[in-house]
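Report on the following structure.
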Amino acid sequence: MIAILDAHSDEAAAFIEKLNLRGGLEDPNILRTVRKTLQDVQRDGDRAVIKYTRKLDAPRITIEEMRVTDAEIDDASTQVDSEFHDAIRLARTNVERFHQKQLRNSWLSTEADGVVLGHLIRPLRRVGVCVPSVSQLLVSSLIMNLVPAKVAGVEEIAVFMGPMRNRKIDPHMLVAAAACDVREIYKCGGAQAVGAMAYGTDTIPKVDKIVGPGNLYVQLAKKEVYGPVDIDKLAGPSEVLIIADHTANPAYVAADLISQAEHSVECSAILITTSRDIAEQVCAEIERQAQKLPRQSELTGAFENYGVAFVVPDLAEAIEIANHIAPEHVELEVENPIEWVGAIRNAGAIMLGPYTPESVGDYIAGPNHILPTGGAARYASPLSVDDFLKKTSIISYTKTALEKVTPSVVKLAQIEGLQGHAEAMKIRSDKH
């Protein structure tokens, strides 16, 4: 399913060039549709939200049914098995424990001459979380968005999920939200949900920030409303890059490449190995394992579009290529992976060794799986508690301290042509 290429070949260079273009979220036709949807929601509020939700999801839904009731949430708990309840509790516990370590306190520092400087750190007041719930039940993504917001202390969290045609939300999604102590849930997804969060309606109060995954309609809608509200990041197709040496288990490597490729035909699944024999064995394992799985069209498309095995002379070159690609996930399937982890500069998450598949990070380990994609790992970080906090600077000067810096401030203000700034300093001086 995937080609084996020498890393120095023209074919390898062309493949990497194609990867370099993968971060662009552009589609003029979809953008026009998104802008029309957002304009309608901003103008018509609930009527537009219901119109699009009926058109795209549940034809008979009413505005009165838009918010999920407590009875629906409680009933959902009886519709899922105990194993799911246990798995959700474990995931929530691990994710919460990890994110609690990210909390920071406000601080003040006393400087010379009585100057006080500091940072006031406070949670956002209201956040909206939009998560797919029909084509895929992304319970894990729901947890990964809700838990850091709760840990940060966000006062209000509203969840938006597209309903099924029967006007209901899948019970697994409702149980996952309730397990994270969130019960404000709306039967609304897509660009209309982004609009409702950004502008507010009679039924849906506006939010301060929008987070969560989604298709290109959702991503472009988030991009359009950024400014009036904050957003987490623009998420592209998922990516995995596995670095393997002669000690790697080909079956494990193949399984992990498949687990990423099954998301969609746009996902990338890349192997970089120092052993052509390992590359050939991995390719054979992909053929063998993939034929037993569902989502055949996704697997075939992903491997044809963005699947490749690069053969390199050594691990140093493998890591150089990985840092250039800057993938969402990197797996180090090498001897003594801890010796190489510091060399991985650009990655959303790094998995070490044969018993750390990407899957455990996606669901249960604790670190957030909302990661930078499309090469954004060069500058961006996983979703974290920081995404739900805002910082305010604190500055306090005494008269003595201000007089000492007045000449410098006046000079800089005059150079910038801002005489009013200079006069605001000079008026406080005894020499004025």
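Values in this document were obtained by computation on a predicted structure and should not be read as measured data.
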Is the backbone of Ser393 close enough, under 3.5 Å, to the side chain of His119 for a donor and an acceptor to pair up by distance?
no
Using the test side-chain contact (heavy atoms from CB on, under 4.5 Å), find all partners of Asp75 that sit at least two apart in sequence or belong to another chain.
Thr78, Gln79
Any donor and acceptor pair, going by atom type alone, linking the side chain of Ser133 with main-chain N or O of Gly162 inside 3.5 Å?
yes
Does the side-chain contact (heavy atoms from CB on, under 4.5 Å) test come out yes or no for Ile88 and His85, once each step is laid out?
CA-CA 5 Å; Ile88 287 295; His85 281 286; 6.0 Å; no
Using a strict cut-off of less than 4.0 Å between a Lys/Arg side-chain nitrogen and an Asp/Glu carboxylate oxygen, indicate whether Lys187 and Asp57 qualify as a salt bridge.
no
Just by modelled atom types, is the Ala343 backbone N or O under 3.5 Å from a matching donor or acceptor in the Asn323 side chain?
yes
Quick one: does any side-chain atom of Asp232 pair with a main-chain N or O of Gly212 as donor and acceptor, under 3.5 Å?
yes
If you count heavy atoms of other groups shown closer than 6.0 angstrom to NZ of Lys404, is the number above 12?
no
Is there a donor-acceptor pair under 3.5 Å between the side chain of Lys18 and the backbone N or O of Asn305?
yes
Using 30° and 60° as the class boundaries, would you call the ring planes of Tyr306 and Phe15 parallel, tilted or perpendicular?
perpendicular
Donor + acceptor pair across side chains of Thr203, Asp46 (<3.5 Å):
yes
Has the side chain of Arg126 got a donor or acceptor atom that lies under 3.5 Å from a matching backbone atom of Glu155?
no
Contact summary for Val385 and Ala152, nearest pair of heavy atoms:
CG1-CB, 3.8 Å
Identify the two heavy atoms, one from Ser297 and one from Val265, that lie closest to each other, and give their separation to 0.1 Å.
O-CG1, 3.6 Å
Counting C-beta onward and ignoring hydrogens, is there a side-chain heavy-atom pair between Met197 and Lys206 closer than 4.5 Å?
no
Which heavy atom of Ile364 sits nearest to which heavy atom of Ala87, and what is that distance?
CD1-O, 3.8 Å
Any side-chain to backbone donor/acceptor pair from Asp44 onto Arg47? Under 3.5 Å, distance only.
no
Just by modelled atom types, is the Ala178 backbone N or O under 3.5 Å from a matching donor or acceptor in the Arg183 side chain?
no
SB check Asp181 Lys150 (cutoff 4.0 Å):
no
Any side-chain heavy-atom pair from Asp256 and Glu358 closer than 4.5 angstrom?
no
Working for side-chain contact (heavy atoms from CB on, under 4.5 Å), residues Thr62 and Arg54
CA-CA 9 Å; Thr62 65; Arg54 285 174 175 170; 4.2 Å; yes
Quick check: does any side chain N or O of Arg92 sit under 3.5 Å from a backbone N or O of Ala179, one acting as donor and the other as acceptor?
yes
Side-chain touch Pro132/Pro213, heavy atoms, less than 4.5 angstrom:
yes
Pair Asp386 + Arg104, salt bridge at N-O below 4.0 Å:
yes
Nearest non-hydrogen partners of Asn368 and Pro382, listed with the distance:
O-CB, 4.3 Å
Could you tabulate the donor-acceptor pairs under 3.5 Å formed by side-chain atoms of residues 168-177, not counting sequence neighbours?
unit_1: Asp170; atom_1: OD1; unit_2: His172; atom_2: N; d: 2.8
unit_1: Asp170; atom_1: OD1; unit_2: His172; atom_2: ND1; d: 2.8

Could you tell me whether a side-chain N or O of Ser106 sits under 3.5 Å from a main-chain N or O of Ile121, the two making a donor and an acceptor?
yes
Quick check: do Tyr217 and Thr37 have side-chain heavy atoms less than 4.5 Å from each other?
no
